[in-house]
Amino acid sequence: MKEEARFYAERDRRSGQYVGVDAEVPVGAVGIVVGADAAETPAGQLATLGLVNMLARVHRTLIVDLPDVPLVVPSVLAASDSLRAAVDGTAKAINPFIRLAGAVLDERVPCVGIGARVPAGLDGYLVVDGWRGGIGGLPAAVGREGRSLLGAGAAACVAAAFLFHRARGRHPGRHVVSLWDLNESEDDLGPGVSWPLDVGDVLVIGAGAVGSGLAFWLSEVGVGSSWTFLDPDIVRLHNTNRGLGMTATDAGWPQALDGEPKAVVAATLLGQRGRSCVDTYRGWLAEHPDDRPDLVIPVANEDGIRSAVMGRGEPILIHGSTSPNWTAELHRHIPGIDDCIPCRLPDVTEARFRCSDGPVDPESRTSGDAALPFLSGGAGLLVLAALAQLKLGALARHPRNHWRLHLDLGHRLVT
């Protein structure tokens with residue numbers, strides 16, 4: 001019990017800082033029921049694994065009722081050949097002390113269903129249909145097209161937020177978002193998408209919370225080009241509360257004081273460990289002065305990164321962020337059309353590259369980098385959706401260049 005208490009005290013620090021000194025992080029049980037129809041589909045399995053990934057980073061007991069079927073999507077956090085083993089292995093890799101059960105026995109446990117063949121009377125049901133994903137009030141079949149992997153990710157993020165709020169005794173709204181038009185939509189399923197994703201040679205600056213979330217979603221859909229993750233920092237246990245690609249072992253638990261480099265962990269998820277770079281952006285520029293990746297994704301927020309990247313005159317910049325206001329955000333910057341990154345998100349005055357580590361005010365118990373898994377996961381997913389639109393030639397057509405997912409799940413979801 002002493003080791004368990006130590007684990008949670010360190011792992012949950014940032015979660016507690018995010019919800020605030022007067023609130024509590026919900027540690028009780030939450031449940032998922034997966035229908036046989038959804039369990040056999042790639043989108044249903046991705047929704048299940050993505051949801052378990054996020055829930056295991058906050059809640060200490062998971063109840064997952066699902067059929068044991070062969071795995072048809074990657075299980076990147078735990079090597080498995082069945083969905084049941086992938087679910088259990090993923091949860092244990094994230095939280096070695098998590099309590100797992102296979103059936104929802106108590107109606108007081110907040111619970112969601114995935115698929116059409118699930119019981120009535122649950123708190124909510126995942127909607128997974130093309131680029132659309134979220135939480136509805138009735139069981140719904142899971143889309144079988146490749147584009148539904150995007151809807152599965154959206155549904156997992158919204159469902160993780162929904163269960164988090166339900167576990168806190170709140171009554172969150174049910175919402176569905178289309179990642180194609182980034183609006184709450186009843187019928188915009190979006191165009192077909194072919195995976196793996198190929199948008200050329202990509203440099204991701206920052207492999208912390210948002211970068212790790214992006215790496216996780218990319219590992220599930222696959223990449224068809226070279227990706228380099230750049231970050232000088234290492235994984236610490238408190239990073240695992242929100243970094244979807246990070247495990248307790250990556251953080252060095254239980255023996256090591258420090259963990260693996262964040263860049264190495266993210267690149268390994270994509271099978272490109274050798275392309276990771278444990279350095280700052282300026283260090284990378286000094287070593288590669290003539291390198292011009294096809295696309296740069298700046299998801300680090302310190303050491304003047306935004307100004308430095310903008311100064312190189314990239315043809316387009318796409319990145320994601322989280323806020324202290326329960327939002328996951330997507331940003332687009334096209335020269336001559338959009339504003340620049342520092343105009344929208346001014347650099348912090350104190351130069352620190354470590355995008356998932358920052359000073360904490362002991363009085364307020366707040367941290368500028370604190371977040372929750374569905375926020376950083378949502379930001380990473382929004383970047384993936386933007387990359388899919390970039391591949392389809394549609395990203396520049398949007399009149400807007402800044403979108404927010406409001407995962408407090410109040411009266412609105414998207415602005």
Is it true that a side-chain atom of [X] and a backbone atom of [Y] form a donor plus acceptor pair closer than 3.5 Å?
X	Y	result
Arg397	Gly393	yes
Asp65	Ala103	no
Asp201	Arg292	no
Ser178	Trp180	yes
Ser276	Gly274	no
Ser225	Gly200	yes
Asp37	Ala39	no
Arg57	Gly243	yes
Asn183	Asp181	yes
Trp217	Gly377	yes

| request: Among residues two or more places apart or on two chains, list those pairs meeting side chain to side chain donor-acceptor pair (under 3.5 Å) that have a residue in residues 381-391. | output: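 The answer is Ser194-Lys391, Gln389-His398.
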
| said: Give me each pair satisfying side chain to side chain donor-acceptor pair (under 3.5 Å) with a member in residues 377-387, each pair once, sequence neighbours excluded. | reply: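 Applying side chain to side chain donor-acceptor pair (under 3.5 Å) to every pair that reaches into residues 377-387, excluding sequence neighbours, yields nothing.
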
Quick one: are [X] and [Y] in side-chain contact, heavy atoms under 4.5 Å?
X	Y	result
Ile94	Ile98	no
Lys2	Glu4	no
Ile32	Leu62	no
Asp231	Thr280	no
Trp326	His165	yes
Val299	Leu214	no
Asp81	Leu71	no

| said: Using the rule side-chain hydrogen bond (donor to acceptor under 3.5 Å, both in side chains), only one of Arg400, His331, Arg332 pairs with Asp338; which is it? | reply: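 One option only clears the test, and that one is Arg332.
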
| task | Have a look at Thr228 and tell me which of Gln272, His288, Arg275 forms a side-chain hydrogen bond (donor to acceptor under 3.5 Å, both in side chains) with it. | result |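 That would be Arg275; it is the only one of Gln272, His288, Arg275 passing the side-chain hydrogen bond (donor to acceptor under 3.5 Å, both in side chains) with Thr228.
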
| Which pair of heavy atoms, one from Val193 and one from Leu150, lies closest together, and at what distance? |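 So the minimum-distance heavy-atom pair works out to CG2-CD1, 4.2 Å.
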
Could you tabulate the donor-acceptor pairs under 3.5 Å formed by side-chain atoms of residues 378-385, not counting sequence neighbours?
none

Distance-only donor-acceptor hits, side chain of residues 406-415, under 3.5 Å, sequence neighbours excluded:
| residue | atom | partner | partner atom | Å |
| --- | --- | --- | --- | --- |
| His406 | NE2 | Thr415 | OG1 | 2.8 |

Side-chain donor-acceptor contacts of residues 248-257 below 3.5 Å, not counting sequence neighbours, with atom names and distances?
| residue | atom | partner | partner atom | Å |
| --- | --- | --- | --- | --- |
| Asp250 | OD2 | Thr247 | N | 2.9 |
| Asp250 | OD2 | Thr247 | OG1 | 3.1 |

Please tabulate, for side-chain N and O atoms in residues 123-147, each donor-acceptor pair with protein atoms closer than 3.5 Å (sequence neighbours left out).
| residue | atom | partner | partner atom | Å |
| --- | --- | --- | --- | --- |
| Asp123 | OD1 | Arg166 | NE | 3.2 |
| Asp123 | OD1 | Arg166 | NH2 | 2.5 |
| Asp123 | OD2 | Cys111 | N | 2.9 |
| Tyr125 | OH | Pro119 | O | 2.7 |
| Tyr125 | OH | Gly121 | N | 3.1 |
| Tyr125 | OH | Leu122 | N | 3.0 |
| Trp131 | NE1 | Pro191 | O | 2.8 |
| Arg132 | NE | Ser185 | O | 2.7 |
| Arg132 | NH2 | Ser185 | O | 3.1 |
| Arg144 | NH2 | Glu40 | OE2 | 2.9 |
| Glu145 | OE1 | Ser148 | OG | 3.2 |
| Arg147 | NH1 | Gly190 | O | 2.3 |

| request: Give the ring-plane orientation class for Phe164 versus His59, where under 30° counts as parallel, over 60° as perpendicular and anything between as tilted. | output: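 Answer is perpendicular, since the angle exceeds 60°.
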
